[in-house]
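Presented below is the structure to which this report refers.
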Amino acid sequence: MPELILALDVTERESAIRIARDCAPHVDAIKIGYPLVLGAGLSVARDLKEAGLPLIADFKVADIPNTNKLIADQVFAAGFSAIICHGFPGRDSIQACVDSALAHGGDCYVVAEMSHPGATDFFIGCTGEHIAKLAVECGADGIIAPATRPFRVKILRSIVGIKKILSPGIGAQGGDAEAIAQIVDGLIVGRAIYEAADPAAAAAGYARFRGAGK
Ligand code: O7M
């Protein structure tokens, strides 16, 4: 049964807190990244935790191992439950984030393949598969794979097995929630919820896909 993850990419603290509070009954986790943290400061994480949901840090960390470790340690110290890193910097950089997550009792997810049109310039071929394999070998909790390309998610599933697949690209980017809910562990939805006239109602609409079996 896939979880519903709210990608809270608004840039103002007050609206972030309001949307998180209103949507909390319908979602399983909240993912924030540069838009909100640069707009409102890292302390917004503490405010959002009051919604009572796990917080995922989407900084798509993509540096050398030492810098990745420094970033990941700060993320967990700020109260996040999980960190997302890029896979393309390679095994040692992924491992640094996984090790930090393990040390803090958190999770680490690795971007294996992206959802936007430009991703086809780079990821498709053997890159996504290679990153997914590295993520498994490093002991990551799962990967990020595109809801806009379910056929790619199926290929990546054959590599990661029972590891989690969290999937963005639903709604605003054209991915179909019903189709992707059958094959992933987490639906990441942003604009289709936070830009809706009634974000809580939109979240409740997507929450019905949590019942779809994998
Ligand atoms: O639903 P949206 O399109 O408004 O937002 C999607 C969110 O997922 C947004 O936070 C993106 O940064 C993120 N995302 C993608 O859209 N595509 C990807 O390939 C990867 C991510 C992501 O979450 O990576 C961790």
Side-chain angles (χ1 to χ4, degrees), residues 2-11 15-16 19-20 23 26-40 44-45 48 54-62 68 71-72 75 80-89 93-94 97-98 101 106-124 127-128 131-132 135 140-153 155-156 160 163-178 180-181 184-196 199 202-203 205-207 209:
E3 296 191 334
L4 178 60
I5 300 164
L6 170 61
L8 194 52
D9 293 328
V10 297
T11 53
S15 57
I19 294 167
C23 294
H26 311 293
V27 307
D28 301 290
I30 296 175
K31 178 182 84 70
I32 68 171
Y34 296 110
L36 182 57
V37 170
L38 293 177
V44 73
L48 289 176
L55 263 191
I56 302 173
D58 178 9
F59 296 126
K60 296 189 181 67
V61 185
N68 273 12
I71 294 168
V75 157
F80 287 90
S81 306
I83 189 165
I84 296 173
C85 67
H86 258 305
F88 66 78
S93 293
I94 297 172
C97 290
V98 171
D107 292 335
C108 177
Y109 296 95
V110 179
V111 178
E113 193 164 307
M114 296 191 74
S115 60
H116 60 305
T120 59
D121 292 340
F122 181 66
F123 285 106
I124 292 185
T127 307
I131 294 174
D141 296 278
I143 62 166
I144 308 294
T148 48
R149 297 186 194 88
F151 70 103
R152 292 292 303 161
V153 176
I155 291 168
L156 296 173
V160 303
K163 296 274 186 192
K164 288 189 178 176
I165 299 182
L166 310 185
S167 195
I170 294 157
Q173 296 179 53
D176 174 26
E178 188 160 17
I180 205 75
V184 301
D185 306 277
L187 306 171
I188 298 176
V189 184
R191 286 165 286 179
I193 294 177
Y194 69 75
E195 285 185 351
Y206 281 102
F209 298 114

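All residue numbers refer to positions in the sequence shown, counting from 1. In each ligand, atom 1 is the first atom listed, and ligand 1 is the first ligand listed.
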Side chain, backbone, both or neither: which applies to K31 and ligand 1 if a contact is any heavy-atom pair less than 4.0 Å apart?
side chain

Part of S115 within contact of ligand 1 (heavy atoms, under 4.0 Å)
both

Give the residue, atom name and distance (to 0.1 Å) of the protein heavy atom nearest atom 21 (C) of ligand 1.
P168 CG, 3.5 Å

Suppose I only count heavy atoms of M114 and a 4.0 Å limit; which atoms of ligand 1 are within that range?
18 (C), 19 (O)

Just jot down the ring pair (Phe, Tyr, Trp, His ring centres under 6.0 Å) partners of H26, sequence neighbours excluded, or say none.
none

Main-chain N/O of S115 paired to T148 side chain as donor or acceptor, under 3.5 Å
yes

Only heavy atoms of I84, strictly under 4.0 Å: list the atoms of ligand 1 that pass.
25 (C)

Quick check: does any side chain N or O of R191 sit under 3.5 Å from a backbone N or O of A7, one acting as donor and the other as acceptor?
no

So which heavy atom in the protein is nearest atom 1 (O) of ligand 1, and how far is it from that ligand atom?
G190 N, 2.8 Å

Give the residue, atom name and distance (to 0.1 Å) of the protein heavy atom nearest atom 6 (C) of ligand 1.
Q173 NE2, 3.7 Å

Check: N68 side chain, S93 main-chain N or O, donor-acceptor pair, under 3.5 Å
yes

Within this structure, what is the CD1-CD1 distance for the pair I144 and I131, rounded to the nearest 0.5 Å?
12.0 Å

Tell me which protein heavy atom sits closest to atom 7 (C) of ligand 1, plus the residue, atom name and distance to 0.1 Å.
A7 CB, 3.8 Å

Top protein contact for atom 22 (C) of ligand 1, by heavy-atom distance
K60 NZ, 3.5 Å

For the side chain of D28 and the backbone of I5, is there at least one donor-acceptor N/O pair under 3.5 Å apart?
no

A student checking ligand 1 against R191 at a 4.0 Å heavy-atom cut-off should list atoms 1 (O), 2 (P), 3 (O), 4 (O)

D141 side chain to C108 backbone, donor-acceptor under 3.5 Å
yes

What protein heavy atom is closest to atom 9 (C) of ligand 1, reported as residue, atom name and distance in Å?
D9 OD2, 3.2 Å

So, Y34 side chain and F59 main chain: donor-acceptor pair closer than 3.5 Å or not?
yes

